[in-house]
Amino acid sequence: MLEKLKKEVYEANMLLPKFGLVTFTWGNVSGIDREKGLFVIKPSGVAYEALRPEDMVVVDLDGNTVEGKYKPSSDTPTHAVLYNRFRGIGGIVHTHSSWATSWAQAGRDVPCYGTTHADYIYGPIPCVRNLTEDEIKEAYERNTGILIADEFEQRGCDYNAVPAALCKNHGVFTWGTNADEAVHNAVVTEEVAKMAARCEMINPSAAPAPKELQDKHYYRKHGADAYYGQP
């Protein structure tokens, strides 16, 4: 079942150690088949070097296992909520990558200090609040997804323009049109988080890039008038 998607999700998962986004098994990637209403995700706690495409787990949009010899990632309920709430996404990544997670542990949005950030993400990367004690006890992973989606709704934040979120004291979720693009956005998020942290080390009073510069760089790559790259 979904053999092509399993291979795509496996290959996307293998990019996480390649780009230095995971230590041990601290991360996962999923990809969805919208037509079938099923998604494929990394199994829980299986070392990357031991993974095979056939080890990927198929689950439904309620997070129930449909096919697989392993348990799915413990973050599966978070992925399920995001797929249900962000209907335009096709892949999700979760990591504890060092620089982005440092901002999450600090409980801060990542400001847009420069054009590298603006090329890919429109405005700051949001950091959502901590879950309450009851939210943690009731359904920790599911409520993590609800919290991200609610925060984007409350901020009026377009999940296509801002394909990343930080969870306070936890880690990072990114998404994209497919699993590969979600990994690409995870790499970008880690790099711009690193640049932002170093920017503040060098100049603690640094201000975000001017809005007109942010707009220029974002919209030259995105939208109807984009002109970056080849046709």
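None of the values given here were measured: they were computed from a predicted structure.
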Fill in: Step-by-step side-chain contact (heavy atoms from CB on, under 4.5 Å) determination, I125 to V172
CA-CA 10 Å; I125 300 169; V172 191; over 6 Å; no
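- Between the side chain of H117 and the backbone N or O of G123, at least one donor-acceptor pair lies under 3.5 Å.
- Between T76 atom OG1 and I41 atom CD1 the span is 3.5 Å, to the nearest 0.5 Å.
- Sorted by first and then second residue, the side chain to side chain donor-acceptor pair (under 3.5 Å) pairs with a member in residues 21-30 read N28-S73, N28-D75, N28-H79, S30-H79, S30-Y83; sequence neighbours excluded.
- Between E67 and E3, the closest heavy-atom pair is OE1-OE2, 4.3 Å.
- To the nearest 0.5 Å, the span separating CD on E135 from CD1 on I146 amounts to 8.5 Å.
- Applying the side chain to side chain contact (heavy atoms under 4.5 Å, CB included) test to A196 and every residue at least two apart in sequence or in another chain returns W103, V110, Y113.
- The backbone N or O of G176 lies less than 3.5 Å from no partner atom in the side chain of N185, so there is not a single donor-acceptor pair.
- Scanning for side chain to side chain contact (heavy atoms under 4.5 Å, CB included) contacts around E8 gives K4, L5, with sequence neighbours left out.
- For the pair R34 (side chain) and I89 (backbone), a donor-acceptor distance under 3.5 Å is present.
- Using a 4.5 Å heavy-atom cutoff, the side chains of H184 and L15 are not in contact.
- Shortest non-hydrogen contact noted between I92 and A182 is N-CB, 3.9 Å.
- Across every non-hydrogen atom of P111 and R108, the tightest pair is CG-NH2, 4.0 Å.
- If you take CD1 on I32 and CZ on F86, they are separated by 13.5 Å, rounding to the nearest 0.5 Å.
- Every side chain to side chain contact (heavy atoms under 4.5 Å, CB included) that K211 has, sequence neighbours left out, goes to Y122, D215.
- Residues L82 and G145 approach most closely at CD2-O, 3.9 Å, considering heavy atoms.
- Scanning all heavy atoms of the two residues, the minimum distance from P126 to V162 falls at CD-CG1, 3.6 Å.
- Among residue pairs with one or both ends in residues 155-165, those qualifying as side chain to side chain donor-acceptor pair (under 3.5 Å) are D109-R155, E151-R155; sequence neighbours excluded.
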Item to complete: Check the pair V81, E141 against side-chain contact (heavy atoms from CB on, under 4.5 Å), reporting the backbone distance first and the verdict last.
Response: CA-CA 9 Å; V81 170; E141 291 84 4; over 6 Å; no
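- For residues 35-46, there are no side chain to side chain donor-acceptor pair (under 3.5 Å) pairs, not counting sequence neighbours.
- No side-chain heavy atom of I136 sits under 4.5 Å from any side-chain heavy atom of N143.
- For E11, the side chain to side chain donor-acceptor pair (under 3.5 Å) partners two or more places apart in sequence, or in a different chain, are K7.
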Please report, to 0.1 Å, the donor-acceptor pairs under 3.5 Å made by any side chain of residues 219-231, with sequence neighbours excluded.
unit_1: K221; atom_1: NZ; unit_2: Y120; atom_2: OH; d: 3.2
unit_1: H222; atom_1: NE2; unit_2: D119; atom_2: O; d: 2.9
unit_1: Y227; atom_1: OH; unit_2: K216; atom_2: NZ; d: 3.2

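- Under the side chain to side chain donor-acceptor pair (under 3.5 Å) criterion, T177 pairs with E181, not counting sequence neighbours.
- The side chain to side chain donor-acceptor pair (under 3.5 Å) test applied to T95 returns S97, not counting sequence neighbours.
- Not less than 6.0 angstrom separates the ring centroid of W175 from the ring centroid of F39.
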Discussion item. Quick one, M14 with V29, criterion side-chain contact (heavy atoms from CB on, under 4.5 Å). Give me CA distance, side-chain angles, the key distance, then yes/no.
Written reply: CA-CA 9 Å; M14 298 309 291; V29 183; over 6 Å; no
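- Listed by chain and number, the residues in a side chain to side chain contact (heavy atoms under 4.5 Å, CB included) with D62 are D60, N64 (sequence neighbours excluded).
- Applying the side chain to side chain donor-acceptor pair (under 3.5 Å) test to N169 and every residue at least two apart in sequence or in another chain returns N130.
- Atoms CE and OG1, from M195 and T116 in turn, are 4.0 Å apart once rounded to the nearest 0.5 Å.
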Worksheet entry | Intermediate values then yes/no, side-chain contact (heavy atoms from CB on, under 4.5 Å), L147 and R129 | CA-CA 8 Å; L147 182 58; R129 65 169 173 82; 3.6 Å; yes
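- Here K18 contributes atom NZ and L16 contributes atom CG; the two are 11.5 Å apart, rounded to the nearest 0.5 Å.
- The structure places NE2 of H96 at 12.0 Å from CG of L21, a figure rounded to the nearest 0.5 Å.
- Across every non-hydrogen atom of E190 and W99, the tightest pair is OE2-N, 2.9 Å.
- Among L166, T78, V128, the one residue that satisfies the side-chain contact (heavy atoms from CB on, under 4.5 Å) test with F173 is T78.
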